[in-house]
A.B. asks: 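Let me give you the structure first, and then I'll get to my questions.
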Amino acid sequence: MKRAIFRKFVWIILLALLASSLVFCLIMGRKNRSSVEDQLFDTLYMMDYSLDYSGDLEKQLQEICSLEGNEHTRATVLSAEGRVLADNGVPDDEQEQLESHLGREEVQQALKEGKGIAERYSSTLHKRLLYAAILTENGYILRLAVPYDGLFTYLRALIPAAAAGIVLAMAASFFMAERQARSIAMPLNEIAAELRRMNKGEPEIFMKHYRYDELNVIIDAVNQMSAEIGGYVKKLELERIIRQEFFSNASHELKTPITSIKGYTELLESGLVTKPDVQKDFLGRIEAEADRMTNLINDILMISKLETKDVQVEMTKFQIYPLLEDVLSSVTPMANEYGVKVITECKPLTVKANVQQLQELISNLLVNGIKYNKPDGMVRLTITADQEDMILVVSDTGVGIPREAQKRVFERFYRVDKGRSKKMGGTGLGLSIVKHIVNYYGGTIRLESQVDVGTTFTVRLPVIAE
Ligand code: ADP
């Protein structure tokens, strides 16, 4: 990278140098040309003023041009017809052979406009010359010519300066490229190191900003991505832990009834239990344990269904009252068994939801109200509506939930009184299923409870269909 930057620097500096030299030469060349022209014309007017046209013109021209600084100047006096009358650059005897100067550009211009200027190669002097001519008042044409290189005068002077500039530019480029490469490569190396760290399984990295906006855009994107991945990984890890816990709890829960069933079956098989009423009791226990297992498996299946987000949940519009009647008829035997009265108040409402889910939700809350109640206790269920929310309140006069347990009752397999729950065929999953269903609809659930007084669950579900 350093090499590429260095090469670029050299090119840029060289181009800048060339461009500036060219512009300098052009400007200076033009300036110089106009000042030389001015000088030539000034000299011509002075000459015109000081020349004695009736005297020896040749001699006078020699004298003027022999002055210091004028050694290379060629002065010519022409007649209006273009005949050379005197010329200090050409010997007298050759002057006769000189062709008529009338056709020369500067002479033509002088005849027309009073003064003229032209630049060309002189075959007489074998040099490039700048010619200036004026038409004098008495009809002569006075002409001066000086060697003139134009732009080349400056180019010659500029070449060593440009060479020195190039050497300097190369040296400066070398150091600047070094620094530039380092200042660009360093952040890139650091970013690469951070990304490598991320690759090695460290999902959360944070990169600092650099002074390059373009890099910061990448850094922001990487930081954001890393934060998102970090969050995602944490979520996955948490889900993994929860799932693992769930499996180990579920297998433990299933193991207990299986062990009991196995024990009773072995006892019955051994022939040691001979009394028919004891045998019957054992068979009854086996059946109860089998029921527990069925409940447990059903609840586990329900939870896994609720957790599988891509499973299609069928939503229909239905009246809530008939559904409530179904639930009531299924819990009444239990309520009668425990001597608990169930009172319901239900507004005629139409909801749009999944029938099984609402059934499960109402049934779980009602069953808990009955299970964790006292003899002659009561469970009251009211269903009302508040705009698009269905409000379901289940309150009982039961044992209540201690304050410290209130936060945990929605956890899977959490039971306040394990013995009581198991005796009642509880799985510890009922409220967890309720919470899942509430979350599925984006609703809320509130719990108020006082030990020995009773418990109230208030559920709000946005399911009311107009
Ligand atoms: P379970 O199958 O044990 O009833 P739940 O998830 O339905 O499981 O409830 C968790 C625990 O919360 C129960 O074991 C019980 O201790 C307590 N609980 C739930 N509902 C009530 C209630 N209405 N009154 C008192 N305790 C309750």
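Note that this is a predicted model, so its numbers are computed, not measured. Counting starts at 1 for both ligands and their atoms, in listed order. Atoms considered below: every heavy atom in the structure, side chains included; atoms not considered: hydrogens, waters and symmetry mates.
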A.B. asks: Would you mind checking which non-hydrogen protein atom is closest to atom 10 (C) of ligand 1, with the distance to 0.1 Å?
C.D. replies: Tyr414 O, 3.2 Å

A.B. asks: Measure from NZ or CZ of Lys115 to the centre of the six-membered ring of Phe41 and say whether it is under 6.0 Å with the direction within 45° of the ring axis.
C.D. replies: yes

A.B. asks: At a 4.0 Å cut-off, with the gap strictly under it, does some heavy atom of Gly428 reach an atom of ligand 1?
C.D. replies: yes

A.B. asks: Taking Gln279 for the side chain and Leu268 for the main chain, is one N or O donor matched with an acceptor at less than 3.5 Å?
C.D. replies: no

A.B. asks: Arg460 versus Thr444: any side-chain heavy-atom pair under 4.5 Å?
C.D. replies: yes

A.B. asks: Are Asn364 and Leu431 close enough that some pair of their side-chain heavy atoms sits under 4.5 Å apart?
C.D. replies: no

A.B. asks: For atom 26 (N) of ligand 1, find the nearest protein heavy atom and state the residue, atom name and distance (0.1 Å precision).
C.D. replies: Ile401 CG1, 3.3 Å

A.B. asks: Considering non-hydrogen atoms only, spot the tightest contact between Val340 and Ile370 and give its length.
C.D. replies: CG2-O, 3.9 Å

A.B. asks: Name the closest protein heavy atom to atom 12 (O) of ligand 1, giving the residue it belongs to and the distance to 0.1 Å.
C.D. replies: Val409 CG1, 3.3 Å

A.B. asks: Give the contacting part of Val367 toward ligand 1: side chain, backbone, both or neither, where contact means a heavy-atom distance below 4.0 Å.
C.D. replies: neither

A.B. asks: Select one of side chain, backbone, both or neither to describe which atoms of Phe410 lie under 4.0 Å from any atom of ligand 1, heavy atoms only.
C.D. replies: neither

A.B. asks: Nearest protein heavy-atom contact for atom 3 (O) of ligand 1: which residue, which atom, what distance?
C.D. replies: Ser421 OG, 2.6 Å

A.B. asks: Just which atoms of ligand 1 are under 4.0 Å from any heavy atom in Asp417?
C.D. replies: 16 (O)

A.B. asks: Between Leu392 and Leu461, is there a side-chain heavy-atom distance shorter than 4.5 Å?
C.D. replies: no

A.B. asks: Taking the six-membered ring for Trp, are Phe410 and Phe457 parallel (under 30°), tilted (30 to 60°) or perpendicular (over 60°)?
C.D. replies: perpendicular

A.B. asks: Below 4.0 Å from ligand 1: does a non-hydrogen atom of Asn364 turn up there or not?
C.D. replies: no

A.B. asks: Taking distance alone, with no angle check, do Phe457 and ligand 1 share an N/O pair under 3.5 Å?
C.D. replies: no

A.B. asks: Evaluate the side-chain proximity of Thr456 to Val394: yes if any heavy-atom separation is below 4.5 Å, no if none is.
C.D. replies: no

A.B. asks: Taking all non-hydrogen atoms of both residues into account, name the closest pair between Ile303 and Ile433 and its distance.
C.D. replies: CG1-CG1, 3.5 Å

A.B. asks: Are the side chains of Ile383 and Ile391 in contact, using a 4.5 Å heavy-atom criterion?
C.D. replies: no

A.B. asks: I need the nearest protein heavy-atom contact for atom 23 (N) of ligand 1: residue, atom name and distance, please.
C.D. replies: Asp396 OD2, 2.9 Å

A.B. asks: What protein heavy atom sits nearest atom 19 (C) of ligand 1, and how far off is it?
C.D. replies: Asn368 ND2, 3.4 Å

A.B. asks: Mind checking whether Lys371 contacts ligand 1 via backbone (N, CA, C, O), side chain (CB onward), both or neither, at a 4.0 Å heavy-atom cut-off?
C.D. replies: side chain

A.B. asks: Heavy-atom distances under 4.0 Å are what count here, so tell me which part of Leu431 touches ligand 1: side chain, backbone, both or neither.
C.D. replies: both

A.B. asks: Under a 4.5 Å cut-off applied to non-hydrogen side-chain atoms, are Val342 and Leu381 in contact?
C.D. replies: no

A.B. asks: For Leu429, counting its heavy atoms only, list the atoms of ligand 1 lying under 4.0 Å from any of them.
C.D. replies: 6 (O), 8 (O)

A.B. asks: What residue and heavy atom of the protein are closest to atom 21 (C) of ligand 1, and at what distance?
C.D. replies: Tyr372 CD1, 3.5 Å

A.B. asks: If you measure every N/O of Thr427 against every N/O of ligand 1, is any gap under 3.5 Å?
C.D. replies: yes

A.B. asks: In terms of atom number and element, which parts of ligand 1 are under 4.0 angstrom from non-hydrogen atoms of Val416?
C.D. replies: 14 (O), 16 (O), 17 (C)

